[in-house]
Amino acid sequence: MTNELLSRLAKWSTEDKKSDFKSTLSLIAVDKYSKLYQSLKEKYKDMVKVWPEVTDPEKFVYEDVAIATYLLVLWEEERSQKQLEEKQSFVDLGCGNGLLVHILSNEGHPGRGIDVRRRRIWDMYGSRTILEESAITPSDNSLFPHTDWIIGNHSDELTPWLPVIAARSSYSCRFFVLPCCFFSFFGKFNRKSSKKTQYREYLDFVLEVGDRCGFLVEEDCLRIPSTKRVCLIGKSRSYSPEEEAQADARRTRYISSHAGDSTTSDTAPGTCHHDEGRIDGDVTSDCSNRSPQTHHGNWIAGFRPRDKVEPIRNCVSLPRDFIDKVVLQVAQLLLGSGAGEKVRVSIDGAEHLWNRGGSLPIREVAEVLDKETLQRLKNECGGLQTLFRNNHQVFQVMNAMVSIRDWSQESQTATERRKRESKRKLSADALKRRLCWFHLNHPDGCPRATNHCPYAHGAEELRPSAVPKKHRL
């Protein structure tokens, strides 16, 4: 508060910094958008109640409703400008749960979605919603010459390829891309400028790709519940149809020039927090009648698509003895840090002193652990923070600081009271399934009395698990 907050508030209040992004909904009529959004939100609100996926239904349903609304208004204005009668067709590459495809199809636009992995919710859509469990790599087999629009909604490793696919599909093909995770043509995107945020720099890269592919690229901000809400749109070309051969030669040279830009990693594409795995392998496209002006075969040799089966990367697949060793090492570090503050706890009517240790920045904890341990944790997507989250019985993380969780000082917020009340309703059989970490490892034992701790204080209290244990390596 003293060293950071006041000085930053003073700085922020006097700054006159222009935004790096366009104003929200700058390319379409806001009044049309607002009216249509309310209509579609009411029309598809029941999807929240029946959402079968593990993802947050309210976020994903209303975000896809908002994206669909934007596209529908954009396409309506395009039909008016070009005096078109038929509604635009589309292909959504990496369609995920398929809701965007479902909404656009229901609103009269012919199209389909393609994803590497089928979702449970696909079975809930009608026959009008065309979703294909297949895969895509950047190649001549991934072109759509009879499609008006190529959509990439958080399309991850395919994001920079969307303008290329649209440009090579046909001269009239357009694209809409909503970038999320940072990928170059050949792997993870590497930053080159410290003067921009990583997000702004990546948007500029995808915008440059569209420009080099011959599009006049426009940028807009969507009204969605996400921090990554800038979309890039390529509606028209900067060259004539007769110049297609020269334009495609420039595309090929530009892609080749980025061959050394990316770093390869043991982490496969698809580990992004936004959604489950999307794109991989090869897909049958409608390229049988594509223009003979360009023949590229497979466009690159080093493209690494995501796996069809998403690997588990939340530290739970690590060996139990390895996790226990790291947890104990960090706990001992916290107990020995600072003054090792002791607090008074009341157990069965008697007061005891209990060492709750100090608090350390996660960065400092990482510096103490050896490189091999950190790498094993990092390979499980999340590293130390994921380990702390999975061991919330032992640790508490706030503002990038980790400390020993003091169960004798539980906060009394309404949310936590509701959680405790719901736990009280659980059957007694759900308790005492695991040994209490504090009882086993803390020098002062557990800060809670045996009858108040949901974990077993000793093997004699341990109940047999009703669920068979998974085999751990």
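Keep in mind it's a predicted model, so treat the numbers as computed, not measured.
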- Task: Check the angle between the aromatic planes of Phe60 and Trp51 and answer parallel, tilted or perpendicular using the 30° and 60° thresholds.
- Result: parallel

- Does any N or O in the side chain of Ser80 come within less than 3.5 Å of the main-chain N or O of Glu76, such that one atom is a donor and the other an acceptor? no

- Query: How long is the gap from OH on Tyr37 to CD1 on Ile67, to the nearest 0.5 Å?
  - Reply: 11.0 Å

- Can you find a pair of side-chain heavy atoms, one from Tyr202 and one from Thr159, that are under 4.5 Å apart? yes

- Should the pair Arg405 and Phe395 be classed as cation-pi, given the thresholds of under 6.0 Å to the six-membered ring centre and 45° from the axis? no

- Message: With salt bridge (charged side-chain N to carboxylate O under 4.0 Å, His left out) as the criterion, how do Glu132 and Arg112 come out once you've worked through the C-alpha distance, each side chain's angles and the decisive distance to 0.1 Å?
- Response: CA-CA 8 Å; Glu132 301 175 13; Arg112 55 177 166 145; 2.8 Å; yes

- Identify which one of Phe205, Phe183, Phe186 satisfies the ring-ring contact (aromatic ring centres under 6.0 Å, His included) criterion when paired with His258. Phe205

- Can any side-chain N or O of Ser169 pair as donor or acceptor with the backbone N or O of Phe144 at less than 3.5 Å? yes

- Query: Is any side-chain heavy atom of Ser34 closer than 4.5 Å to a side-chain heavy atom of Arg223?
  - Reply: yes

- SB check Arg200 Glu219 (cutoff 4.0 Å): yes

- Has the side chain of Arg119 got a donor or acceptor atom that lies under 3.5 Å from a matching backbone atom of Arg117? yes

- Note on the structure: The reported gap from CD1 in Ile323 to CG in Leu328 (rounded to nearest 0.5 angstrom) is 13.5 Å

- Query: Hey, what do you get for CD1 (Ile28) to CD (Glu78), rounding to the nearest 0.5 Å?
  - Reply: 13.0 Å

- Query: Which atom pair, heavy atoms only, marks the closest approach of Gln393 to Phe438?
  - Reply: O-CE1, 3.1 Å

- Check: Ile121 main-chain N/O paired with Glu53 side-chain donor or acceptor under 3.5 Å: yes

- Please tell me if the side chains of Tyr33 and Leu222 come closer than 4.5 Å, counting only heavy atoms from C-beta onward. no

- Query: Under 4.5 Å between any side-chain heavy atoms of Leu384 and Val402, yes or no?
  - Reply: no

- Hey, what's the ring geometry for Phe185 with Tyr254, parallel, tilted or perpendicular (30° and 60° as the breaks)? perpendicular

- Can you tell me if NZ on Lys43 sees more than 12 non-hydrogen neighbours from other groups inside 6.0 Å? yes

- Message: Go through it in stages, so that I can follow the logic: the residues are Asp220 and Tyr70, the test is side chain to side chain donor-acceptor pair (under 3.5 Å), and I'd like the CA-CA distance, side-chain angles, deciding distance and then a yes or no.
- Response: CA-CA 10 Å; Asp220 204 356; Tyr70 186 92; 2.6 Å; yes

- Using the side chain to side chain contact (heavy atoms under 4.5 Å, CB included) rule, take Ile130 and Val101 through it: C-alpha gap first, then chi angles, then the decisive distance, then the call. CA-CA 8 Å; Ile130 302 174; Val101 177; 5.9 Å; no

- Message: Just so I know, are the side chains of Ser184 and Asn190 near enough to count as touching, which here means a heavy-atom distance under 4.5 Å?
- Response: no

- Message: Quick check against the 3.5 Å criterion: does Ser226 have a side-chain atom that pairs as donor or acceptor with the backbone of Arg229?
- Response: no

- Between Tyr199 (side chain) and Val230 (backbone), is there a donor-acceptor pair under 3.5 Å? yes

- Query: Under the side chain to side chain contact (heavy atoms under 4.5 Å, CB included) criterion, do Thr386 and Leu377 qualify, and how do the steps go?
  - Reply: CA-CA 8 Å; Thr386 302; Leu377 293 172; over 6 Å; no

- Over all atoms of both residues, closest heavy-atom pair of Lys41 and Tyr62: CG-CE2, 3.6 Å

- Message: Would the distance check show the side chain of Asn399 and the main-chain N or O of Met401 forming a donor-acceptor pair, the cut-off being under 3.5 Å?
- Response: no

- Message: Is it the case that the side chain of Arg174 and the backbone of Ser172 share a donor-acceptor pair, with hydrogens and angles ignored and the cut-off at 3.5 Å?
- Response: yes

- Task: For residues Asn441 and Val327, determine if any side-chain heavy atom of one lies less than 4.5 Å from a side-chain heavy atom of the other.
- Result: no

- Item | side chain to side chain contact (heavy atoms under 4.5 Å, CB included) between Phe182 and Gln198, intermediate numbers included | CA-CA 9 Å; Phe182 308 133; Gln198 185 179 22; 3.3 Å; yes

- Got a second to check how far His457's NE2 is from Asn451's CG, nearest 0.5 Å? 9.5 Å

- Atom of Phe175, atom of Ala166 and distance for their closest heavy-atom approach: CB-CB, 3.9 Å

- Quick check: does any side chain N or O of Arg168 sit under 3.5 Å from a backbone N or O of Ser142, one acting as donor and the other as acceptor? no

- Starting at CZ of Phe322, measure out to CZ of Arg376 and round the result to the nearest 0.5 Å. 4.5 Å

- Query: Any chance CZ of Arg434 has more than 12 other-residue heavy atoms, nucleotides or ligands included, within less than 6.0 Å?
  - Reply: no

- Task: Start with the C-alpha gap between Asp31 and Lys35, add the side-chain angles, then the distance that decides, and say whether salt bridge (charged side-chain N to carboxylate O under 4.0 Å, His left out) holds.
- Result: CA-CA 6 Å; Asp31 55 341; Lys35 184 177 180 180; over 6 Å; no

- NZ (Lys82) with more than 12 external heavy atoms under 6.0 Å: yes

- Which residue, Asn153, Leu232, Ile151, forms the side chain to side chain contact (heavy atoms under 4.5 Å, CB included) with Phe176? Ile151

- Note on the structure: In short, Lys432 meets Thr450 closest at the heavy-atom pair NZ-O, 2.8 Å

- Message: Contact between Asp46 and Lys49 at the side-chain level, heavy atoms closer than 4.5 Å - yes or no?
- Response: yes

- Task: Mind checking the CH2-OG spacing from Trp161 to Ser139? Nearest 0.5 Å is all I need.
- Result: 10.0 Å

- Message: Which heavy atom of Ala167 sits nearest to which heavy atom of Cys213, and what is that distance?
- Response: CB-O, 3.8 Å

- Task: Tell me, with the steps shown, if Glu42 and Lys45 meet salt bridge (charged side-chain N to carboxylate O under 4.0 Å, His left out).
- Result: CA-CA 5 Å; Glu42 179 68 22; Lys45 66 179 181 181; 2.8 Å; yes

- Run the salt bridge (charged side-chain N to carboxylate O under 4.0 Å, His left out) check on Glu77 and Lys235 step by step: do they pass? CA-CA 12 Å; Glu77 294 178 352; Lys235 293 193 295 183; over 6 Å; no

- Heavy-atom closest contact (Ser155 atom, Leu162 atom, distance): OG-CD2, 3.7 Å

- Looking at side-chain heavy atoms only, is the closest gap between Asp148 and Lys87 below 4.5 Å? no

- Message: Run Asp115 and Leu131 through side chain to side chain contact (heavy atoms under 4.5 Å, CB included) and show every step you take.
- Response: CA-CA 8 Å; Asp115 199 284; Leu131 299 169; over 6 Å; no

